Amino acid sequence: MKEVEVVVAHQERATLRVGDVFLKVDTDRARTDVEVEAMAMAPIPTPEVLWRKPPVLALAAVPGTALGRLGEPSAASPAAWAAAGAAARRLHDAPLPPWPGRSLDDVASHLDDECAWLVANGAVPTDVVTRNRRIAEAALRPWTPAFTHGDFQITHVFVEGDEVTGVIDWSEAARGDALFDLATLTLGHEEHLDDVLAGYGTDVDLDVIRAWWALRSLTVIRWLIEHGFDPWPEIAVLKSRM
């Protein structure tokens, strides 16, 4: 009998692993609909859908290991990071998904709300919030929509040697800012940004990347706290900008 491993669990979703099968249970069927359709459209390796019986989605494990974890050094090679950048570029060059993503107004409003909550609840020092809120301004500009993963963090990118073997967790995929994906991938791993951009193969605005580092960190801390996760790595990213 294979053991059941709880990969992640909170009020909205849970993911279990049984051998080489992942079972994702999601209270929001629309998120699962997006995940399945996005994986079918994406021009990069994704998990195989084994079966689906709402609210459960069964996926095959992808080979390899995650590129790394936020707050820990990555053992992956520079070439593997470059391969992740190249995978992001293929995704961003693909035809847009039919569903929209967040609007600029939505992003700005969410940022304001989260900064106010962080200060009011003393979750992050006020000067750290104020400084990073100013940095985040550079991300609040019109962007050309691209097919974005939406949560392209290093734990979702699997590599074997110097090749990307799979990208998981597509429930946030939508039309969005390509630089948000690149910033999410390199959050807390600024030392690998040059490798990622070498694989991505085009010039990007580094101020916008830095802005998305600040914006993502500011807007995810409350969610992490309320769902029982440690927000220290994101807070460390904010403090590093001081």
Side-chain angles (χ1 to χ4, degrees), residues 8 10-13 15 22 24-49 52 54-55 57 59 62 67 70 84-114 136 138-158 164 166-187 196 200 202 204-205 208-209 211-224 227 234:
V8 64
H10 49 77
Q11 293 95 319
E12 297 174 357
R13 297 175 236 180
T15 301
F22 285 88
K24 301 189 70 172
V25 185
D26 198 320
T27 58
D28 185 347
R29 180 167 180 169
R31 268 196 303 254
T32 307
D33 291 341
V34 165
E35 180 153 18
V36 171
E37 189 168 352
M39 288 190 295
M41 294 178 60
I44 58 179
T46 63
E48 176 189 359
V49 176
R52 182 182 180 193
L57 173 65
L59 302 170
V62 298
L67 197 58
L70 181 59
R89 180 62 184 273
R90 290 196 300 275
L91 177 65
H92 297 159
D93 286 344
L96 293 173
W99 59 90
R102 296 180 300 167
S103 70
L104 179 57
D105 287 343
D106 287 342
V107 173
S109 176
H110 186 212
L111 175 62
D112 288 340
D113 290 345
E114 295 307 304
L140 301 178
R141 87 282 176 232
W143 57 74
T144 301
F147 186 172
T148 58
H149 179 277
D151 196 12
F152 202 59
Q153 56 178 292
I154 53 177
T155 54
H156 293 162
V157 180
F158 280 67
V164 172
V167 177
I168 66 171
D169 284 5
W170 289 81
S171 60
E172 305 299 325
R175 302 180 186 190
D177 182 4
L179 298 193
F180 176 70
D181 273 354
L182 298 182
T184 301
L185 179 66
T186 54
L187 182 73
V196 168
Y200 196 70
T202 189
V204 304
D205 189 330
V208 175
I209 294 284
W212 277 122
W213 286 338
L215 196 152
R216 179 179 170 91
S217 297
L218 288 167
T219 56
V220 77
I221 290 172
R222 174 167 38 165
W223 186 95
L224 291 170
H227 288 79
E234 284 77 10

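Quick note: numbers below take in every heavy atom, side chains included, and nothing from hydrogens, waters or symmetry partners. Heads up: numbering here begins at 1 and tracks the sequence. Just so you know, these numbers come straight off a predicted model, no measurement behind them.
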| Hey, which of R29, R52, K24 is the one that makes salt bridge (charged side-chain N to carboxylate O under 4.0 Å, His left out) with E35? | K24

| Closest approach of A42 and L91, non-hydrogen atoms and distance? | CB-CD1, 4.2 Å

| Do L218 and L215 come within less than 4.5 Å of each other through their side chains, counting heavy atoms only? | no

| message | Quick check: closest heavy atoms across W99 and A38, and the distance to 0.1 Å? | response | CH2-N, 3.9 Å

| field | Test: D181 and R89 ion pair at under 4.0 Å | value | no

| task | Assess whether side-chain contact (heavy atoms from CB on, under 4.5 Å) is satisfied between H10 and W223, documenting all intermediate values. | result | CA-CA 11 Å; H10 49 77; W223 186 95; 3.7 Å; yes

| field | Interatomic distance, T219 atom OG1 to L224 atom CG [nearest 0.5 angstrom] | value | 9.5 Å

| said: Could you walk me through whether L179 and W143 satisfy the side-chain contact (heavy atoms from CB on, under 4.5 Å) test, starting with their C-alpha distance in whole Å, then the side-chain angles of each, then the deciding distance to 0.1 Å, before giving a yes or no? | reply: CA-CA 9 Å; L179 298 193; W143 57 74; over 6 Å; no

| field | Note: D177-R102 ion pair, threshold 4.0 Å (strictly below) | value | no

| task | Specify whether Y200 and H92 have parallel, tilted or perpendicular ring planes, treating 30° as the upper limit for parallel and 60° as the lower limit for perpendicular. | result | perpendicular

| remark: For F180 and G150 the tightest heavy-atom approach is CE2-O, 3.3 Å

| task | Taking the side chain as every heavy atom from C-beta outward, state whether M39 and V49 have any pair of such atoms under 4.5 Å apart. | result | yes

| Minimum heavy-atom separation for L185 to A84, with atom names? | CD2-CB, 4.0 Å

| Is R13 paired with E172 through a side-chain N to carboxylate O contact shorter than 4.0 Å? | yes

| message | Between D26 and L57, is there a side-chain heavy-atom distance shorter than 4.5 Å? | response | no

| field | Pairwise distance CG(L182) to CH2(W213) - rounded to 0.5 angstrom | value | 10.5 Å

| task | List the atom of A174, the atom of P97, and the distance in Å for their closest heavy-atom pair. | result | C-CG, 3.8 Å

| Side-chain (H149) to main-chain (I168) donor-acceptor, under 3.5 angstrom | yes

| request: Side-chain contact test, heavy atoms from C-beta onward, threshold under 4.5 Å: evaluate it for L187 versus Q153 and give yes or no. | output: no

| remark: dist R141:CZ -> L104:CG (nearest 0.5 Å) comes out at 8.5 Å

| message | Rounded at 0.5 Å granularity, tell me how far OG1 in T155 sits from CG in L70. | response | 8.5 Å

| note | In terms of heavy-atom contacts, I44 and A87 come closest through CG2-O, 3.5 Å

| task | Show your reasoning for whether side-chain contact (heavy atoms from CB on, under 4.5 Å) applies to V107 and W212. | result | CA-CA 11 Å; V107 173; W212 277 122; 4.1 Å; yes

| message | Determine whether a donor-acceptor pair (N or O, by modelled atom type, separation under 3.5 Å) exists between the side chain of S171 and the backbone of T32. | response | no

